[in-house]
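Source: prediction; values computed, not measured.
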Amino acid sequence: MEAAPCVRTFSPSSSSSAGARPCLILAGPASRRARALAAPPPPRAVASSRAPLVVSSPPPPAASGTPSPAHAKVDRSGRFCSPRAARELALMISYAACLEGNDVVRLFDRRISARREPGFVFDKACLLSYNHMSFGGGPLEVGMEEEAEKLTSQNEKDSANEEDVLSAPPKLVYNNFVLRLSRELLVAVASGWDKHVDIIDKIIPQAWKDEPVARILELCILHIAMAEMTSKGTPHKVVINEAVDLAKRFCDGGAPRVINGCLRTFVKDHVDVAGTSQGAESKS
């Protein structure tokens, strides 16, 4: 995937009334995550996105005071091992490749083989605090300044943790299964790019065609989902759900709903549903 087709795809995310209790509004977290997606290995250079860093409500803590194992699926070596992590890594690489005008597979290989900085130390404890299921939402209203400050402080910690995870050398974060699956997805993205460009151009709303830079993330999610359905044999319902979840985590506004509709149209018009069930994942 080179710069030209990438461009082609993306051009075809307080006062109160008298007597009312004042409230503070904290915005959703999707934009802050988008900032970290394109971050290369250390040094921690984080690419800018379509929106500034915002304050949000953190995910509720587990009853025991530690993150639930479902939040961050890690293997015995302490690295991510789930298909969801592979899709998230594929999205990170695709997004960065579009910003840089690079081939997705070539960029993946370069990230994997990049040498670490002398003295670099990665704390794997941050993987246990990373939540693949932490989704963005609407603004949150809080009634007390102290509550807002507490949530802001927690958000800053969560944001720093996510940036550490997403910008760390991939081999320290993902196990071999995740790295292999992510690369296979990216190979499928690259091989099916031109065909999917034409399809995407027909099914996305005009508003997305009118704001190409603002929709790079959403279009990357579509490319990855289409590539997985046509090359990996994953059930289309699983792929659609996973794509929608990625949109909930990293995109703004109504992107999850639009992506859901686009992929359902893609399945209806372009996918042999019976064929996609062959060799499919049993669970994500």
In plain terms, say whether Glu228 and Lys232 are close enough for a salt bridge, that is, a side-chain N and a carboxylate O under 4.0 Å apart.
-> no

With a cut-off of 6.0 Å (strictly less than), are more than 12 heavy atoms of other residues, nucleotides or ligands near NZ of Lys237?
-> no

Could you tell me the separation between the [atom1] atom of [X] and the [atom2] atom of [Y], rounded to the nearest 0.5 Å?
{"X": "Cys126", "Y": "Leu166", "atom1": "SG", "atom2": "CG", "answer": "9.5 Å"}
{"X": "Trp208", "Y": "Ile203", "atom1": "CH2", "atom2": "CD1", "answer": "9.5 Å"}
{"X": "His223", "Y": "Ile199", "atom1": "NE2", "atom2": "CD1", "answer": "10.0 Å"}
{"X": "Ile93", "Y": "Ile112", "atom1": "CD1", "atom2": "CD1", "answer": "7.0 Å"}
{"X": "Glu100", "Y": "Leu107", "atom1": "CD", "atom2": "CG", "answer": "5.5 Å"}
{"X": "Leu91", "Y": "Glu218", "atom1": "CG", "atom2": "CD", "answer": "9.5 Å"}

If you look at every heavy atom in [X] and [Y], which pair is closest and at what distance?
{"X": "Lys124", "Y": "Gly78", "answer": "CD-O, 4.1 Å"}
{"X": "Ala227", "Y": "His196", "answer": "N-CE1, 3.8 Å"}
{"X": "Asp75", "Y": "Cys81", "answer": "N-SG, 3.7 Å"}
{"X": "Ala168", "Y": "Phe122", "answer": "CB-CE1, 3.6 Å"}
{"X": "Arg79", "Y": "Ser77", "answer": "NE-OG, 2.9 Å"}
{"X": "Cys220", "Y": "Cys98", "answer": "SG-SG, 3.9 Å"}

Are Leu222 and Ile204 close enough, and set up right, to give a side-chain contact (heavy atoms from CB on, under 4.5 Å), and what steps lead you there?
-> CA-CA 10 Å; Leu222 287 175; Ile204 61 174; 3.8 Å; yes

Any heavy-atom pair between the side chains of [Y] and [X] that's under 4.5 Å?
{"X": "Cys251", "Y": "Ile221", "result": "yes"}
{"X": "Lys209", "Y": "Arg215", "result": "no"}
{"X": "Leu186", "Y": "Leu89", "result": "no"}
{"X": "Glu242", "Y": "Leu246", "result": "no"}

Worked check of side-chain contact (heavy atoms from CB on, under 4.5 Å) between Phe108 and Val187 = CA-CA 10 Å; Phe108 177 89; Val187 169; over 6 Å; no

Is the Tyr95 to Phe250 ring centre distance short of 6.0 Å?
-> no

Throw together a table of side-chain donor-acceptor distances under 3.5 angstrom for residues 258-266, partners on residues two or more places apart or in other chains.
unit_1: Asn260; atom_1: OD1; unit_2: Arg264; atom_2: NE; d: 3.2
unit_1: Thr265; atom_1: OG1; unit_2: Gly261; atom_2: O; d: 3.0

Begin from the C-alpha positions of Arg183 and Val105 and carry the test side-chain contact (heavy atoms from CB on, under 4.5 Å) through to its verdict.
-> CA-CA 7 Å; Arg183 192 180 192 280; Val105 179; 3.4 Å; yes

Could you go through the side-chain contact (heavy atoms from CB on, under 4.5 Å) check for Ile224 and Val239 one step at a time?
-> CA-CA 9 Å; Ile224 292 169; Val239 177; over 6 Å; no

Just by distance, do the side chain of Ser94 and the backbone of Ala90 share a donor-acceptor pair under 3.5 Å?
-> yes

Is there a donor-acceptor pair under 3.5 Å between the side chain of Ser191 and the backbone N or O of Ala188?
-> yes

Verify the distance criterion only: is there a donor paired with an acceptor across the side chains of Ser82 and Arg84 at less than 3.5 Å?
-> no

